[in-house]
Amino acid sequence: MAGMGPPPSGNARRRNAQIAMTRLPAGGRKGETPRWPLLDDIVTVAKRDMAQRQADELELTLLEPDLAGRARSAAQRKLDAARSTATILDKQIEAQAAIESELWAELWSTPQAVAWERLGWTREVAQYVRWKVKAELGDLDASKEARQLADRLGLSPLAMLRLRWEIAADEVGEQREVRSTRTKKSARDRLKVVDSEAAGGT
């Protein structure tokens, strides 16, 4: 027909079609927390063990009867440094394990955790936890890795938008709140009637 162009192609329709958002429950994920899938922080554990071995060797060196003067003082300083390093790393490993456990449990109760479970992203979440905790313990390189993984996991509003995730309204909670408000209002109204009757009766 004159004046009409060709019908739009199927590709054009597909380009214009909106991608549906995945709705995640506002109440978060329910159920047990998945088992922690990663090994201990091998690098930190190895550094702790090396420092402890060095301290043990230096203790044996200091037991030698012919060690004296500057050599003994130098060995004692190295021993003190090795002990200090081993202690610090040991405390770091303990703190890291405790914070990882706490953050791991928190994350698996979020709305995003529903999507992670569907996608099988257990190890990815664990890697984020490891980098995030290292960042909190002062590792600047770890903070960069944690930020990148947070984006991939949808842990910010912009990252959720990129993943086409949205948190569904808690309709049950809203209805409960409306009912609670109505109950309070009707109770107040009844109290006013009682007060006015009492006032009229005096």
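Excluded from the calculations below are hydrogen atoms, water molecules and symmetry mates; all remaining heavy atoms, backbone and side chain alike, are included. Being a predicted model, the structure only gives us computed values, none of them experimental. The residues of the chain are indexed from 1 along the displayed sequence.
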Following the transitive rule for hydrophobic clusters with a side-chain heavy-atom cut-off under 4.5 Å over Ile, Leu, Val, Met, Phe, Trp and Tyr, establish whether [X] and [Y] coincide in one cluster.
| X | Y | value |
| --- | --- | --- |
| Ile167 | Leu119 | yes |
| Ile99 | Leu149 | yes |
| Val129 | Leu137 | yes |
| Val45 | Trp36 | no |
| Ile88 | Met50 | no |

Over all atoms of both residues, closest heavy-atom pair of [X] and [Y]:
| X | Y | value |
| --- | --- | --- |
| Ala55 | Leu79 | O-CD1, 3.2 Å |
| Ala51 | Thr85 | CB-CG2, 3.9 Å |
| Met160 | Gly154 | CG-O, 3.1 Å |
| Thr122 | Pro34 | CG2-CB, 4.2 Å |
| Gly31 | Arg29 | O-NH1, 3.8 Å |
| Asp139 | Ala142 | OD1-N, 3.1 Å |

Do [X] and [Y] come close enough that some side-chain heavy atom pair is under 4.5 Å?
| X | Y | value |
| --- | --- | --- |
| Glu117 | Trp108 | yes |
| Glu100 | Asp41 | no |
| Thr61 | Leu67 | yes |
| Arg118 | Thr22 | yes |
| Gln148 | Asp151 | no |
| Leu89 | Gln92 | yes |

Would you give the length of the straight line joining atom [atom1] of [X] to atom [atom2] of [Y], rounded to the nearest 0.5 angstrom?
| X | Y | atom1 | atom2 | answer |
| --- | --- | --- | --- | --- |
| Gln127 | Arg130 | CD | CZ | 9.5 Å |
| Leu153 | Gln112 | CG | CD | 9.0 Å |
| Asp49 | Ile42 | CG | CD1 | 11.5 Å |
| Tyr128 | Leu107 | OH | CG | 6.0 Å |
| Lys30 | Ser109 | NZ | OG | 8.0 Å |
| Leu58 | Arg77 | CG | CZ | 12.0 Å |

Determine yes or no for a side-chain-to-main-chain donor-acceptor pair under 3.5 angstrom, with Ser101 supplying the side chain and Ala98 the backbone.
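Between the backbone of Ala98 and the side chain of Ser101 there is no qualifying donor-acceptor contact (under 3.5 Å).
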Around [X], counting heavy atoms of other residues, nucleotides and ligands shown, do more than 12 lie under 6.0 Å from its [atom1]?
| X | atom1 | answer |
| --- | --- | --- |
| Lys132 | NZ | no |
| Met21 | CE | yes |
| Leu60 | CG | yes |
| Asp40 | CG | no |

Do the side chains of Arg152 and Glu124 get close enough for a salt bridge, i.e. N-O under 4.0 angstrom?
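Answer for the salt bridge query: no.
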Should the ring pair Trp121 and Trp165 be called parallel, tilted or perpendicular, given that the plane angle runs from 0 to 90° and is split at 30 and 60?
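Because their plane-to-plane angle lies in the 30° to 60° range, the rings of Trp121 and Trp165 count as tilted.
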Given Arg83, which partner from the list Gln54, Glu59, Gln52 fulfils the side-chain hydrogen bond (donor to acceptor under 3.5 Å, both in side chains) test?
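Exactly one pass, corresponding to Glu59.
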Just do the side-chain contact (heavy atoms from CB on, under 4.5 Å) check on Ile93 and Gln96 with the steps written out, would you?
CA-CA 5 Å; Ile93 290 164; Gln96 185 173 327; 5.7 Å; no
